[in-house]
Number of protein chains: 2
Amino acid sequence: MSPTDGQDLPGLPTQRPFVTVDVAIFGVLQDELQVLLVQRPSLATEPYPGLWALPGGFIDVSADDSLEACARRKLAVKTGAVAPYLEQVGSWGSKARDPRGWSTTHLYFALLPADSIQLVPGANAADVRWWPVAGAGVRGRLAFDHAKLLAAAVERLRAKVEYTSLPAFLLPREFTLPDLQRAYEIVLGRPVEKSAFRTRVLAAGVVEPIDRQRQTGKRPAQLYRLASRSEPIYFPRTFEPKRD
Amino acid sequence: MSPTDGQDLPGLPTQRPFVTVDVAIFGVLQDELQVLLVQRPSLATEPYPGLWALPGGFIDVSADDSLEACARRKLAVKTGAVAPYLEQVGSWGSKARDPRGWSTTHLYFALLPADSIQLVPGANAADVRWWPVAGAGVRGRLAFDHAKLLAAAVERLRAKVEYTSLPAFLLPREFTLPDLQRAYEIVLGRPVEKSAFRTRVLAAGVVEPIDRQRQTGKRPAQLYRLASRSEPIYFPRTFEPKRD
DNA sequence: TCAATAGTGTCTCTTAGACACTATCGT
DNA sequence: ACGATAGTGTCTAAGAGACACTATTGA
């Protein structure tokens with residue numbers, strides 16, 4: 001197959017944008033919401049050398065059957081794991097966002113239990129590490145338009161957390177209700193009322209109790225697991241605090 | 001500039017998907033939610049000849065500065081109008097969705113006052129017309145994967161209508177509250193309670209009264225216009241009917 | 001018995017939903 | 001006066017938010 005196959009069929013444009021997929025992988029570490037970033041290679045031939053970026057890259061039209069498959073592949077390459085939750089955030093494309101030319105990117109975000117995975121520095125990424133989302137360490141120092149992409153992913157995540165069970169995908173398979181409540185508080189960045197939280201989560205059927213409790217020094221807590229390991233639950237109302 | 005410019009820079013993939021933008025343009029006509037479709041040319045060299053499809057097509061990397069600009073261009077070409085509301089729904093891409101090869105599409109949906117525009121049959125589209133969204137006339141007879149795309153756009157629209165002022169963008173610049181309520185009912189496909197509707201819409205500051213009323217045979221109705229002509233308003237709660 | 005965390009009960013207040021009622025036009 | 005549509009008021013019930021209270025462990 002020649003390298004220009006499919007580039008010159010009649011009616012198809014000869015000049016095409018290049019197409020990438022980026023993934024914002026979120027986890028909770030040290031009681032903080034963090035995002036997985038990779039460091040770009042320090043080669044003068046590469047754009048933004050040495051800067052941090054969302055993991056991602058070009059579509060491989062011979063290896064990737066679809067955009068989502070491409071996102072899952074890039075996720076697996078960095079984490080060696082299959083994320084329990086993956087969702088498309090949107091797409092961006094313009095002449096200016098990549099110095100190499102007209103480009104589009106399809107942005108996904110993934111949630112996973114951060115302590116369950118091993119980071120995998122890749123051939124094309126000097127380093128891989130978690131960065132706190134709230135911290136200023138990352139702000140404004142990301143390659144390409146990734147600061148904007150990350151902000152969009154965080155905004156989407158925070159918005160959906162108000163009315164879905166998404167934070168459960170940040171926890172290991174078995175967890176307690178206080179664990180889950182803490183995950184909500186970490187993502188939202190504000191405290192959540194305990195009684196209302198428990199009522200809502202249990203009424204919505206997000207979780208089901210298992211026949212075990214967590215033994216700590218204090219009163220033991222009932223262990224739960226997700227009722228639906230793959231799909232999030234949507235709540236009828238939100239967690240938003242009462243307006244004043 | 002040679003036709004392969006930008007195709008062979010070092011590090012860039014030589015094989016790229018082709019990139020399209022599609023737009024689901026919605027309007028209310030004959031008391032129904034309708035979508036603008038174009039008929040594909042009846043040429044054997046074109047895929048899906050004669051079938052109906054969402055307006056759209058390839059990115060023109062020399063004419064389009066961004067994906068959204070491309071969507072606005074395609075919208076203007078068919079309607080001659082600038083839509084008061086345009087939102088990205090998502091993107092799809094795979095090897096299989098277009099017989100000509102690996103392709104991606106970026107789907108937008110637009111809302112506009114249907115009676116304010118003139119349809120413009122284009123060079124590459126045999127015909128343009130409105131189709132009822134609910135009707136079976138369109139179902140399963142769309143080109144490419146556009147049935148799926150249209151379903152996604154309708155789903156997004158319906159979901160957002162529950163908690164936003166989107167239907168206002170389907171009305172002319174001046175309208176009455178009963179007009180607006182009717183627009184909600186048409187999009188949602190179910191009746192909306194009058195009193196709660198008015199309370200919510202007015203409390204949210206969606207509209208502002210103008211110094212005129214609509215004279216019909218009956219009691220005249222106060223005319224309003226959008227408080228914010230460009231941005232939709234988000235309600236704190238939804239219009240969903242009480243569960244049983 | 002105390003500290004600490006898990007889990008429940010109770011009160012209030014807001015708001016949606018239902019629906020009846022009033023208001024204003026033309027005929 | 002009446003039909004028809006515009007617009008308001010009232011009652012009820014459900015759920016959120018606040019917060020106090022009880023429960024269960026180890027030390």
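Chain naming here is simple, since letters A, B, ... match the order of the sequence lines and numbering starts at 1 in each.
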Can you name the residues that form a side-chain contact (heavy atoms from CB on, under 4.5 Å) with [X], not counting sequence neighbours?
X        : value
A/Arg72  : A/Glu68, A/Leu86
B/Glu231 : B/Ser228
A/Arg214 : A/Thr176, A/Asp179, A/Thr216, A/Leu223
B/Pro232 : B/Tyr85, B/Ser165, B/Leu166, B/Phe169, B/Tyr234

What is the separation between atom [atom1] on [X] and atom [atom2] on [N], rounded to the nearest whole Å?
X        : N      : atom1 : atom2 : result
A/Arg212 : D/dT25 : CZ    : C1'   : 18 Å
B/Gln222 : D/dT8  : CD    : P     : 10 Å
B/Arg198 : C/dA16 : CZ    : C1'   : 17 Å
B/Leu177 : D/dT5  : CG    : P     : 17 Å
A/Leu180 : C/dA6  : CG    : P     : 13 Å
B/Gln181 : D/dT5  : CD    : P     : 13 Å
A/Phe235 : D/dA16 : CZ    : P     : 10 Å
A/Phe197 : C/dG9  : CZ    : P     : 18 Å

Do A/Val207 and A/Val201 pass the side chain to side chain contact (heavy atoms under 4.5 Å, CB included) test, and can you show the C-alpha distance, the side-chain angles, and the key distance before you say yes or no? CA-CA 7 Å; A/Val207 296; A/Val201 166; 4.1 Å; yes
With rounding to the nearest 0.5 Å, note down the distance linking CD1 in B/Ile186 to CD in B/Gln181.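 Going from the CD1 atom of B/Ile186 to the CD atom of B/Gln181 covers 11.0 Å.
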If you find the nucleotide of DNA chain C closest to A/Tyr224 and the one closest to B/Thr199, which residue's nucleotide is nearer the 5' end?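 Nearer the 5' end of the strand: A/Tyr224.
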Which protein N or O atoms sit under 3.5 Å from an N or O of nucleotides 25-27 of chain C?
unit_1 : atom_1 : unit_2   : atom_2 : d
C/dG26 : O4'    : B/Gly217 : O      : 2.6

Go through the structure and list residues passing salt bridge (charged side-chain N to carboxylate O under 4.0 Å, His left out) with [X], not counting sequence neighbours.
X        : value
B/Glu32  : none
B/Arg73  : B/Asp64
A/Arg156 : A/Glu87

Please list all pairs meeting salt bridge (charged side-chain N to carboxylate O under 4.0 Å, His left out) that have one or both residues in residues 19-29 of chain A, counting only residues at least two apart or in different chains.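 Pairs touching residues 19-29 of chain A that pass the test: none.
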Do any N or O atoms of the protein come closer than 3.5 Å to N or O atoms of nucleotides 19-21 of chain C, and which pairs are they?
unit_1 : atom_1 : unit_2   : atom_2 : d
C/dC19 : N4     : B/Glu193 : OE2    : 3.2

Side chain to side chain donor-acceptor pair (under 3.5 Å) involving A/Gln30 - partner list, sequence neighbours excluded: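 A/Gln34.
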Give me the bend of the helix from C/dT1-D/dA27 to C/dT27-D/dA1, using the axes of the five pairs at each end, rounded to 10°.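 Computed angle between terminal axes is 20°.
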Using only side-chain N and O atoms of A/Arg200, determine if any of them is under 4.0 Å from OP1 or OP2 of D/dA16.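 Checking A/Arg200 against D/dA16: at least one side-chain N or O falls below 4.0 Å of OP1 or OP2.
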